Protein chains: 2
Amino acid sequence: MQDDASPAKAGYHHGNLKAALITAADEILRDKGIEGFSLREAARRAGVSVGAPAHHFGSANGLLTEVALLGYGSLGAALNAVAITEDPQEDLRALALAYVTFALDHPGRFRLMFRADLVNREDPRYAESSTRALSGFAAAITRKPTSTESGPMARIFLVWSLVHGMANLVLDDKAKYLFGGASPDAFVRQVLPDILARAWPSDATDV
Amino acid sequence: MQDDASPAKAGYHHGNLKAALITAADEILRDKGIEGFSLREAARRAGVSVGAPAHHFGSANGLLTEVALLGYGSLGAALNAVAITEDPQEDLRALALAYVTFALDHPGRFRLMFRADLVNREDPRYAESSTRALSGFAAAITRKPTSTESGPMARIFLVWSLVHGMANLVLDDKAKYLFGGASPDAFVRQVLPDILARAWPSDATDV
DNA sequence: CGGCAATCTGAACGGTGTATAGATGCAGGA
DNA sequence: TCCTGCATCTATACACCGTTCAGATTGCCG
């Protein structure tokens, strides 16, 4: 993605503006978060005029949709990088940690991915991209024996809710009200693993 | 709050502008959501010039902080309205349902309450207001026996994460990818109670 | 009843997204 | 090789936004 951003040729025609704008937008998200994003700054970083992005993306929504799709790709990669063990509970703990870590490492991307007002979910790639990102969770949950007769969707929803809630609370710096003034990063590294180990012990049979 | 908004006197001086602006802002959140809010429109709805709010709140941040504090008050009221039974698990299910229902009934307020960039958390009333709102959860969790030796803070964090994650996923219309195209409202009324019953059965001893 | 301080106005500045008319230059056909 | 069509990009304009500030207004207190 980095290389795609370099102009194929300098001059009136950028040569690779679409990719350059996507990269620029992603970098703004990294630098200033989702609230610091502006279409004009993306154009500025790509070295083009304010109206140029409209031709490729129609609107800011169109550009951010592309970034969100990349975001789901990177989340999926982060989750798939978690080694699969023979203990589904262990896998769930590792996936949960990876999920929260991703949110903390890429807060801009993560927040964008869930913003229905900024991302065009009608894009046919959206459902596929977001579903694939969570396929690791789905697999671990289906592999995991359960004592309840809950359907797989209900179980996925519960697990997803838990990790998504943890990610959001930590990202919004709400955990500090419960665990002292520890930084979000320290919390995830030092406290969260313990919490997960007790939430999903390897000998449990819940959900 | 509604009555506080009516001007004590018409004329150059509004008479009760501070309360009127808070009401106007809350109504904008109800009508157009957090992204549709603007300080200028709040001034417009209160029938006052664009610079008037600055005197009372300093900035948009200051006004929204007041609205967020009211929001935590209304969330606390919604949670405290849940009847306390002799079954802590039953209480947790009712609280969870109330939490998600509140988020769905007041999406603008709910989203604002967790926006660190829009709300001044240094305000001394903030910590008190948000802690009190969740006191019902804390009480139910402390009353609930557990088989693990997790600390109360860890247990609160887990429960809060679960309900907060559910609220956010439903609010962001993500549940539909798991449970067909059911509207968020229908999901909360028809599907969620079942899910909660299986997540926190009355005879369980987890978390 | 006079003056002070709180309150509010109105205009200005720099920022935003979007629309549109016109300039530019690449690519492919004659 | 020329040249024409079309995709691409520029520049400008418009309507918003938050914040600031000098000045007008008025309630209130001495």
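All chains are named by letter (A, B, ...) in the order of the sequence lines, taking the proteins before the strands, and each is independently numbered beginning at 1. Because the structure is a prediction, the values reported are computed rather than measured.
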Rounded distance in Å - CZ (Arg45(B)) to P (dC17(D)): 12 Å
Greater than 12 external heavy atoms within 6.0 Å of Arg45(B)'s CZ: yes
Walk along nucleotides 7-20 of chain C from 5' to 3' and tag each nucleotide B, S or - by protein heavy-atom contact under 4.0 Å, base first, then sugar-phosphate. BBBBBB---BBB--
Phe37(B): partners by ring-ring contact (aromatic ring centres under 6.0 Å, His included), with sequence neighbours left out: none
Ion pair Lys18(B)/Glu66(B), N-O distance below 4.0 Å: no
Results of side chain to side chain donor-acceptor pair (under 3.5 Å) for Arg111(B) - residues two or more places apart only: Asp172(B)
Can you tell me the distance, in whole Å, between the CD1 atom of Ile28(B) and the C1' atom of dC17(D)? 13 Å
Identify the residue among Phe114(B), Phe102(B), Phe157(B) that makes a ring pair (Phe, Tyr, Trp, His ring centres under 6.0 Å) with His164(B). Phe114(B)
